[in-house]
Amino acid sequence: MIKTPAVFLFDEPLSNLDAKLRNHMRVEIARLHQRLGTTTIYVTHDQLEAMTLADRIVLLKDGRIEQVGTPREIFERPRTQFAASFVGTPAINFLEMTARREKSETVLLRGDTALRLPSERLIVDDGAPVVVGLRPAHLHRGSANGDAGSLSGRVDLIEFLGNEALATFQVGEVDVTAMLSGRDPPSVGELIEVAVHADDVHAFDATTGLSLICR
């Protein structure tokens with residue numbers, strides 16, 4: 001940095017630091033980048049570092065580029081199931097479902113659970129297996145205003161985080177986590193229902209992992 005090079009190359013510079021110092025240094029690196037304006041290539045396996053430090057992310061898997069975009073683009077419009085799973089804390093929920101095409105909508109089915117999306121939002125064949133992705137922060141307690149439908153299950157774990165509480169319940173045999181208000185969290189053993197909004201649903205081809213959502 002003293003020699004002011006044209007490009008900085010950082011290879012996991014914070015990986016050996018404890019959590020508190022790592023957070024502090026992440027802020028310092030961001031401030032340095034803003035002040036110096038030097039092009040920086042930063043390699044990390046930590047999605048929090050990638051999301052908070054990057055102007056653009058190149059997401060790699062097995063030596064291949066999965067997606068290139070801003071942190072917001074990758075978070076809101078992941079092109080693959082892997083991209084969706086890499087960004088976001090807590091991790092995105094995945095449910096294996098089956099698509100049924102109807103006149104004006106596509107219904108995604110798993111047992112007694114049904115999520116309804118406008119047909120133009122989803123490119124999928126009738127009867128095709130689909131992996132649905134739902135982020136915990138996009139699941140809201142109660143069924144009101146859930147224009148795609150809702151999920152329900154009995155809570156078997158509560159993780160209290162202060163302002164939020166992570167409630168884990170099962171849909172069939174799959175664990176689903178919802179980020180709910182910490183002021184009035186559900187109790188372990190309580191049956192809860194969470195609303196799902198169509199705009200918050202991600203869907204991926206069960207074979208290729210590619211997104212099926214039309215934006």
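For the side chain to side chain contact (heavy atoms under 4.5 Å, CB included) test, residues two or more places apart in sequence or in another chain that qualify with Leu21 are Leu17, Asp18, His24, Met25. Applying the ring-ring contact (aromatic ring centres under 6.0 Å, His included) test to His140 and every residue at least two apart in sequence or in another chain returns His197. Every residue was checked against the ring-ring contact (aromatic ring centres under 6.0 Å, His included) condition with Phe75, not counting sequence neighbours, and none meets it.
Remark: Ser150 OG to Leu115 CG distance equals 8.0 Å, nearest 0.5 Å. Interatomic distance, Glu159 CD to Thr177 OG1, rounded to the nearest 0.5 Å: 7.0 Å. We find the CG-CD1 distance between Leu60 and Ile65 to be 6.0 Å, quoted to the nearest 0.5 Å. Between the CD atom of Glu12 and the OG1 atom of Thr44 there is a distance of 5.5 Å, given to the nearest 0.5 Å. To the nearest 0.5 angstrom, Arg154 atom CZ is 5.0 Å from Leu191 atom CG. Distance check: Arg26 CZ to Leu14 CG gives 8.5 Å after rounding to the nearest 0.5 Å.
You'll find the side chain of Arg100 reaches within 4.5 Å of the side chain of Asp126, heavy atoms only. Counting heavy atoms from C-beta outward, Phe10 and Ile29 have side chains that approach closer than 4.5 Å. A 4.5 Å side-chain heavy-atom check between Thr113 and Met97 finds at least one atom pair inside the cut-off. In this structure the side chain of Val130 reaches within 4.5 angstrom of the side chain of Val132, judged on heavy atoms. The shortest distance between side-chain heavy atoms of Thr89 and Met51 does not fall below 4.5 Å. Here the side chains of Arg141 and Pro186 are in contact, with some heavy-atom distance below 4.5 Å. Annotation: side chain of Val194 is not in contact with side chain of Leu134 (no heavy-atom distance under 4.5 Å). Side-chain contact check for Pro13 versus Tyr42: some heavy-atom pair is nearer than 4.5 Å.
Leu210 belongs to no hydrophobic cluster with other residues, because no ILVMFWY side-chain heavy atom falls under 4.5 Å from its own, directly or through intermediates. Hydrophobic cluster membership for Met179: Leu161, Leu166 (Ile, Leu, Val, Met, Phe, Trp, Tyr linked by side-chain heavy atoms under 4.5 Å, directly or transitively). When hydrophobic side chains of Ile, Leu, Val, Met, Phe, Trp and Tyr are connected at separations under 4.5 Å, Leu9 ends up clustered with Val7, Ile41.
The minimum heavy-atom distance between Asp55 and His33, with the atom names listed, is OD2-NE2, 3.5 Å. Residue Val155 comes nearest to Ser187 through the heavy atom pair CB-O, 3.6 Å, listed as atom of the first residue, atom of the second, then distance. Shortest non-hydrogen contact noted between Pro78 and Phe204 is O-CE2, 4.0 Å. The shortest non-hydrogen separation linking Ala83 to Arg79 is CB-N, 4.4 Å. Across all non-hydrogen atoms, the minimal contact from Ile74 to Gly69 is CD1-O, 3.9 Å. Here the closest heavy-atom approach between residue Val131 and residue Ala206 is recorded as CG2-CA, 4.0 Å.
Both Val196 and Val174 are part of a single hydrophobic cluster, where members link through side-chain heavy atoms under 4.5 Å apart. Leu59 and Phe94 fall into different hydrophobic clusters, where Ile, Leu, Val, Met, Phe, Trp and Tyr side chains are chained together by heavy-atom contacts under 4.5 Å. Linking ILVMFWY side-chain heavy atoms closer than 4.5 Å, directly or via other members, places Val171 and Val188 in a single hydrophobic cluster. Cluster membership check: Val107 does not share its hydrophobic cluster with Leu151, using side-chain heavy-atom separations under 4.5 Å among Ile, Leu, Val, Met, Phe, Trp and Tyr. Hydrophobic clustering, with ILVMFWY side chains joined whenever heavy atoms are under 4.5 angstrom apart, keeps Ile123 apart from Val201.
The 12-atom threshold is not exceeded at CD of Glu96, counting heavy atoms of other residues, nucleotides or ligands nearer than 6.0 Å.
Looking at Glu49, its side chain never comes within 3.5 Å of a backbone N or O of Arg22 through a donor-acceptor pair. Using a distance-only test at 3.5 Å, with no hydrogens or angles considered, a donor-acceptor pair links the side chain of Asp147 to the main chain of Ala198. Counting only distance, with no hydrogens or angles, the side chain of Thr40 and the backbone of Thr38 share a donor-acceptor pair below 3.5 Å. No donor-acceptor pair under 3.5 Å is formed between the side chain of Arg135 and the backbone N or O of Ile92. In this structure, Ser119 contributes its side chain and Glu105 its backbone to a donor-acceptor pair below 3.5 Å. Between the side chain of Asp46 and the backbone N or O of Leu48, at least one donor-acceptor pair lies under 3.5 Å. Judged by distance alone, the side chain of Asp125 and the main-chain N or O of Ala128 form no donor-acceptor pair under 3.5 Å. In this structure a side-chain-to-backbone donor-acceptor pair under 3.5 Å is present from Arg121 to Asp199.
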Checklist entry - Would Thr106 and Arg101 satisfy side-chain hydrogen bond (donor to acceptor under 3.5 Å, both in side chains), going step by step from the backbone distance to the final call? => result CA-CA 5 Å; Thr106 299; Arg101 301 283 292 183; 3.0 Å; yes

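Gln67 and Thr80 share no side-chain donor-acceptor pair at under 3.5 Å.
Using a cut-off of 4.0 Å between Lys/Arg side-chain N and Asp/Glu carboxylate O, Glu66 and Lys61 are scored as not salt-bridged.
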